[in-house]
Amino acid sequence: MSFDIQSHRAQLILTALGASVLTASAFSAYQQYARQQKRKLLDEEIRRSLRDGQKGKQRHTGDEDEDDVIQLPGSTHQRGVPLEYDEELVREQLARNYAFFGDEGMERIRKSSVVVVGCGGVGSWAAVMLARSGVAKIRLVDFDQVTLSSLNRHATATLSDVGTPKVKCIERTLKQISRVVEVDARIELWRKESGGDLLEGADWVIDAIDNITTKVDLLKYCHENNIRIFSSMGSGAKCDSTRVQISDISLTLYDPLARAVRRRLRLEGVGSGIPVVYSTEVPGDVKLLPLPEEEFKKGNVKELGVFDDFRVRILPVLGPLPAIFGLNIATYILCELAGKPISNPLPIKGRKKFNERLYRDLHKREEKFLGRQINKLPLDDDDCGMLFDDIHRGRSVRPPHPVPERAALVRWDPEAPLSLENCAAFEFADAERHLKEVLLERKRPEEVWGEEVAEVVRRRREEARKVIEWVM
C-alpha cells in the first residue's frame, strides 16, 4: 500500500514537471516566433521603403519641407518604416554595445546629445558610428554641399547626393540606420557671434572644421563655456594609419594644422584640456592640388573662396584616413559618455624618454665639438625623435643600416650649422667616431665613411628639407 502511494506521488510529480516543461517550451517557442515575426515584418517594411525610395527618389535641397521626408508628429521614423520599433528590437540592435558598456553605460549613451560641426570626411564617419551606437540626439552643422571629390572619403554620400547639403545626406542615412535617433540637420556656418545656439544641450561637440580661424573660435568658445569638445587635426596628405594618435592638444607633434591651432589657442589663453585626434606622420612629397592657370589670372587665389580663410587650393586626401580620424573620435566620445573612458591613450609618450636621451647625447657632442657650454640646441627632443624615427627610419646611415642597439645623432658636416638637414643617425660607437675624426680632426665625412654613406645622408637631407617646408 505504501509503495502504491509513493508511486502515485511520483507520477503526479513527474506529470507536473512534464507540464511545466511543456508550458515553458511553448512559451519560449512563442517568444521566439514573435521575435521572428517582428524581424520579418521589419525586414519587409524596410525593403518596401527602399523600393519606394528608389522609385520616387528626388534631389533634396536646403529649402525642402521636412514633412516630405519625416513622419510627424514628433517621430524620427522615415516613410515606409514601421512605427512600432519597441525596446526589445532596440536592445537587440545594440546588443554588442550593451555587452561592452553594460546597462548603465548604454543608458547614458542613449540619453546623450552630440553636435557635429563640420560634416565632411571626418565628421560624417563620426556621426554614423554615434548613431549606430545608440546616441539619442545628433545635431549636424555644415554649410557645404556634396561634390564629386567628396565621394572618396564621405561616409554617406553617393553620386545622387552631389549638389545636396552634406547634413541632409548624413541625416537620411542616420535615420535608415536607427529608428530612435533624433537628427537635427543645420545648413549653417558656425560663427562665434551666434554659434552658441547650435551647441545648446550638447554633452559633447565634435570639431571637424578645416578652417583654422573658425576651428580656434569654436574650441575657445567651448573651453570657456565648459562644453566638452573633441577636435580633429589634419588628415590630409597622410597614409600611415599606425601613426594616428589621440592626445591633448598640448602634446601634438609634426601636424601643421595642430601646430597652428595650438599656437593660436595659446594666444587666446587656452593651453591644454582639449582632446584631439592627429597623426605623427611626416608627409612625403605632397603638394597642393593645382589650380587651372585661368584661376590665377583672376587675381589672388585666396580671394576666390566662398568665405574668408576657407581653403581654395587643397591637399591630397587618402579616403580611409579621414574615416579613421572620425572613428577615433566616435570611440573616444562613446567611452566618455558611458563612463568607461580610455584611461591612458598611448600616443608618443612611449618615445619621450628615448627622444630626451637622443637630445642629451647630441647636446654633449655639440659641446665637445664647439669647445664651450651650450644652453640650448636649435633642435629639441621632439625634433630628435622625428629625425631618427621618420627621416632615418630608425636605422643607422652606415651599411648594412641596422637598427642601432643604442641610437645616436650627430652633426654631419662640421662646416654647416646643426639642423634637421645636417644631422645623421648612427650606432652610438659610430657617432663617437664621427665626433672624433670628422668634427674634431676635421676630416671630410666622405673620407671617413665612404661615398655610399654620404649618398644616404644626401637623400635624408633632402627629405629633411621637405619636412621643414611642411611642418615649419
Please step through side-chain hydrogen bond (donor to acceptor under 3.5 Å, both in side chains) for the pair Arg264 and Thr213, ending with a clear verdict. CA-CA 9 Å; Arg264 293 197 188 191; Thr213 301; 3.2 Å; yes

Trace of the side chain to side chain contact (heavy atoms under 4.5 Å, CB included) decision for His154 with Ile170: CA-CA 9 Å; His154 201 274; Ile170 300 173; 3.6 Å; yes

Take Glu182 and Ile138 through the test side chain to side chain contact (heavy atoms under 4.5 Å, CB included) and record every step on the way to the result. CA-CA 6 Å; Glu182 295 181 22; Ile138 299 176; over 6 Å; no

When you look at Glu415 and Arg442, which way does the salt bridge (charged side-chain N to carboxylate O under 4.0 Å, His left out) test go after all the steps? CA-CA 9 Å; Glu415 304 300 326; Arg442 295 289 177 163; 3.2 Å; yes

After noting the C-alpha distance and the side-chain angles of Thr331 and Asn328, does the key distance pass the side-chain hydrogen bond (donor to acceptor under 3.5 Å, both in side chains) rule? CA-CA 5 Å; Thr331 302; Asn328 269 273; over 6 Å; no

Working for salt bridge (charged side-chain N to carboxylate O under 4.0 Å, His left out), residues Lys111 and Glu107: CA-CA 6 Å; Lys111 291 180 178 179; Glu107 182 180 1; 3.0 Å; yes

Full working for side chain to side chain contact (heavy atoms under 4.5 Å, CB included) between Val114 and Ile206: CA-CA 7 Å; Val114 178; Ile206 295 174; 4.0 Å; yes

Begin with the C-alpha distance, continue with both residues' side-chain angles, and end with the deciding distance and a verdict on salt bridge (charged side-chain N to carboxylate O under 4.0 Å, His left out) for Glu463 and Arg460. CA-CA 5 Å; Glu463 292 179 24; Arg460 299 292 179 262; 3.5 Å; yes

Evaluate the criterion side chain to side chain contact (heavy atoms under 4.5 Å, CB included) for residue pair Leu218 and Leu199; output intermediate values, then yes/no. CA-CA 10 Å; Leu218 176 60; Leu199 309 181; 3.9 Å; yes

Audit row: Arg191, Asp217, salt bridge (charged side-chain N to carboxylate O under 4.0 Å, His left out) steps and yes/no: CA-CA 8 Å; Arg191 295 185 185 277; Asp217 287 342; over 6 Å; no

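The number of heavy atoms from other shown groups lying within 6.0 Å of CD (Glu441) is above 12. Around the CZ atom of Arg96, the shell of radius 6.0 Å holds no more than 12 heavy atoms that belong to other residues, nucleotides or ligands. The number of heavy atoms from other shown groups lying within 6.0 Å of CD (Glu446) is above 12. Taking a 6.0 Å sphere around CD of Glu193, one finds it holds more than 12 heavy atoms contributed by other residues, nucleotides or ligands. Atom CD of Glu200 has 12 or fewer heavy atoms from other residues, nucleotides or ligands within 6.0 Å.
Annotation: cation-pi pair Lys340/Phe100 present, NZ/CZ under 6.0 Å from the ring centroid and within 45° of its normal. Cation-pi contact between Arg398 and Phe426: absent, since separation from the ring centre below 6.0 Å together with deviation from the ring axis within 45° is not met.
Taking each heavy atom of Arg243 and Asp389 in turn, the nearest pair found is NH2-O, 4.2 Å. Among all heavy-atom pairs drawn from Cys423 and His392, the shortest one is O-NE2, 3.3 Å. Across Ser235 and Val122, no two heavy atoms sit closer than the pair OG-CG2, 4.2 Å. When every heavy atom of Cys239 is checked against every heavy atom of Glu281, the shortest pair comes out as N-OE1, 2.8 Å. Scanning both residues, Ser133 and Leu334, for their nearest heavy atoms gives OG-CD1, 3.3 Å. Shown here for Leu219 and Ser231, the closest heavy-atom pair between the two residues is CD2-CB, 3.7 Å.
Side-chain contact between Ile274 and Val276 is present, with heavy atoms from C-beta onward closer than 4.5 Å. The shortest side-chain heavy-atom distance between Arg186 and Asp142 does not fall under the 4.5 Å cut-off. Here the side chains of Leu148 and Leu159 are in contact, with some heavy-atom distance below 4.5 Å. Side-chain atoms of Lys238 and Val317, non-hydrogen and from C-beta on, never get closer than 4.5 Å to each other. Contact of the Asp103 side chain with the Arg91 side chain is registered, since non-hydrogen atoms from C-beta on lie closer than 4.5 Å. Looking at Gln245 and Val277, their side chains never come closer than 4.5 Å, going by heavy atoms from C-beta outward. No side-chain heavy atom of Asp207 sits under 4.5 Å from any side-chain heavy atom of Ser232. The shortest distance between side-chain heavy atoms of Leu318 and Leu321 falls below 4.5 Å.
Between Arg465 and Glu421 no salt bridge is recorded (no basic side-chain N to carboxylate O distance below 4.0 Å). Looking at Glu447 and Lys443, no side-chain N of the basic residue comes within less than 4.0 Å of a carboxylate O on the acidic one, giving no salt bridge. Between Asp361 and Arg406, at least one side-chain nitrogen of the basic residue sits less than 4.0 Å from a carboxylate oxygen of the acidic one, meeting the salt-bridge criterion. Between Arg459 and Glu462 there is no salt bridge, since no side-chain nitrogen of the basic residue lies less than 4.0 Å from a carboxylate oxygen of the acidic one. For Asp413 and Arg444, the salt-bridge test passes: some basic side-chain N is under 4.0 Å from an acidic carboxylate O.
With Asp383 contributing its side chain and Asp380 its backbone, the two residues share a donor-acceptor pair below 3.5 Å.
For Phe325 and Tyr278, the distance between ring centers is not under 6.0 angstrom.
A side-chain donor-acceptor contact under 3.5 Å links Thr242 and Asp240. A side-chain donor-acceptor contact under 3.5 Å links His434 and Trp449. Judged by distance alone, the side chains of Thr252 and Arg262 do bring a donor and an acceptor atom under 3.5 Å apart. Between the side chains of Ser419 and Arg411, no donor N or O sits under 3.5 Å from an acceptor N or O.
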